[in-house]
Amino acid sequence: MVTFCRETRVLIVAGKGGTGKTTIAAALAVMAAEAGVSVLVVELEGKPGLHAALGGTGPLRYDEVQVGAVRARRVTPDDSLLEYLNDHGLQRFSKRLVASGLLEVVSTAIPGLRDVLVLGKIKQLERAESADLVIVDAPATGHAVTFLSSARGLLDAARAGPVRTQAAEVLEMLRDPSRCRLILITLPEELPVSETIEAAYQLEDRVGVQLGPLVVNRFDPLPDGLRRSLDHRAATTAGLGDTEIRVLEEAQRFRLRRHEVQQEQIDRLARELPLPQLRVPTIQAPSIGPAETKLLARSLSLSLTKVQPESVAGPSAGS
């Protein structure tokens, strides 16, 4: 676990919407903190899930705050642009942008600039070594491909100037596995697995970012003895009637079939995307708070112990 947490300085977490990407990002942060690693979690989309999973009492802001055992903050394109201008002695210009309401106009003037502004801030955090590990709760995979490939697009479009320099430095970070790696979250279902496979190859081809292990969320292993036929004599002795026994048998068949479907998708994922898998069970709770996040962190830690240390990063998607 310690090897995994210290093998890179930035861990970008992405996945199809609904796969539990934000929850897993929080669980990875808690797992790393429990291993003695200083962690900074970066939220990009401003959704409420991250601070709630970590035990925060309100939405994250641009300024860093301590939430439980980890530090957290939100990074936005507009705040990143203002900070960049202020750092380069352009405070008056930045104040005029805010006062005139033109801040968003400027940040959207060049296609891909907003994404590079955010990635540039992440690069700054990584260079400053503000934490042993920076975990980024990235956009869903559909937007993540565009988000992470924005630097390459700007690098191709800009011939010179600060925009090109920023894009080149961001791309350099993304392509260096000692500085940055990507973790994809999926579910053991057909559509999420297909999208994960497609996103993995696109990101490797277009960005060159190295993939870490895949996280298969909500995978439920079979309880011991579920494959055995129901003991009718024991059920009758326990006072169950024919209707109750029939319902139990139907539930058993449903559970077995569901597990078979999940296993089929996991096997397909392993064939088409040869990366280590970290499997996380379903958490039965109305919402995800710090207690549930700790359970998921322990599950991730246990899953990591089953992966050979030399294969934690995994081969490339195309190998």
Q) Are Val67 and Leu296 joined in one hydrophobic group, where the rule is that I, L, V, M, F, W and Y side chains link up if heavy atoms are under 4.5 Å apart? A)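 Same cluster.
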
Is the side chain of [X] donor-acceptor paired with the backbone N or O of [Y] at a distance under 3.5 Å, no angle test?
X: Ser149; Y: Val207; value: no
X: Thr293; Y: Ala53; value: yes
X: Glu198; Y: Ala200; value: no
X: Ser303; Y: Ser299; value: no
X: Glu292; Y: Gly289; value: yes
X: Asp115; Y: Ser150; value: no
X: Arg181; Y: Arg9; value: no
X: Arg218; Y: Pro281; value: no
X: Glu34; Y: Met31; value: no

Are any non-hydrogen side-chain atoms of [X] and [Y] less than 4.5 angstrom apart?
X: Arg268; Y: Ser194; value: yes
X: Phe147; Y: Leu119; value: yes
X: Val280; Y: Leu300; value: yes
X: Arg255; Y: Asp220; value: yes
X: Leu54; Y: Val70; value: yes
X: Leu50; Y: Val41; value: yes

Q.
Tell me whether Arg257 is salt-bridged to Glu260, with the criterion being a basic N under 4.0 Å from an acidic carboxylate O.
A.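 Judged by the 4.0 Å cut-off on N to carboxylate O distance, Arg257 and Glu260 do form a salt bridge.
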
Does the side chain of [X] come under 3.5 Å of the side chain of [Y] through a donor N or O and an acceptor N or O?
X: Thr76; Y: Asp78; answer: no
X: Asn217; Y: Thr19; answer: no
X: Gln124; Y: Arg127; answer: no

(Q) Quick check on side chain to side chain donor-acceptor pair (under 3.5 Å): which of Arg71, Arg73, Arg74 does Glu64 satisfy it with? (A)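 The side chain to side chain donor-acceptor pair (under 3.5 Å) with Glu64 is passed solely by Arg71 among Arg71, Arg73, Arg74.
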
(Q) Quick check on Arg61: does its CZ atom have over 12 non-hydrogen neighbours (other residues, nucleotides or ligands) under 6.0 Å away? (A)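 Atom CZ in Arg61 is not crowded, with 12 or fewer foreign heavy atoms closer than 6.0 Å.
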
Residues in side-chain hydrogen bond (donor to acceptor under 3.5 Å, both in side chains) contact with [X], at least two apart in sequence or another chain:
X: Gln277; answer: Arg279
X: Arg253; answer: none
X: Thr146; answer: none

Q. Roughly how far, to the nearest 0.5 Å, is the CG atom of Leu295 from the CD atom of Gln284?
A.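 Going from CD on Gln284 over to CG on Leu295, the span is 12.0 Å.
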
Q) Which residue, Val215, Ile266, Thr196, forms the side-chain contact (heavy atoms from CB on, under 4.5 Å) with Thr186? A)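 That would be Thr196; it is the only one of Val215, Ile266, Thr196 passing the side-chain contact (heavy atoms from CB on, under 4.5 Å) with Thr186.
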
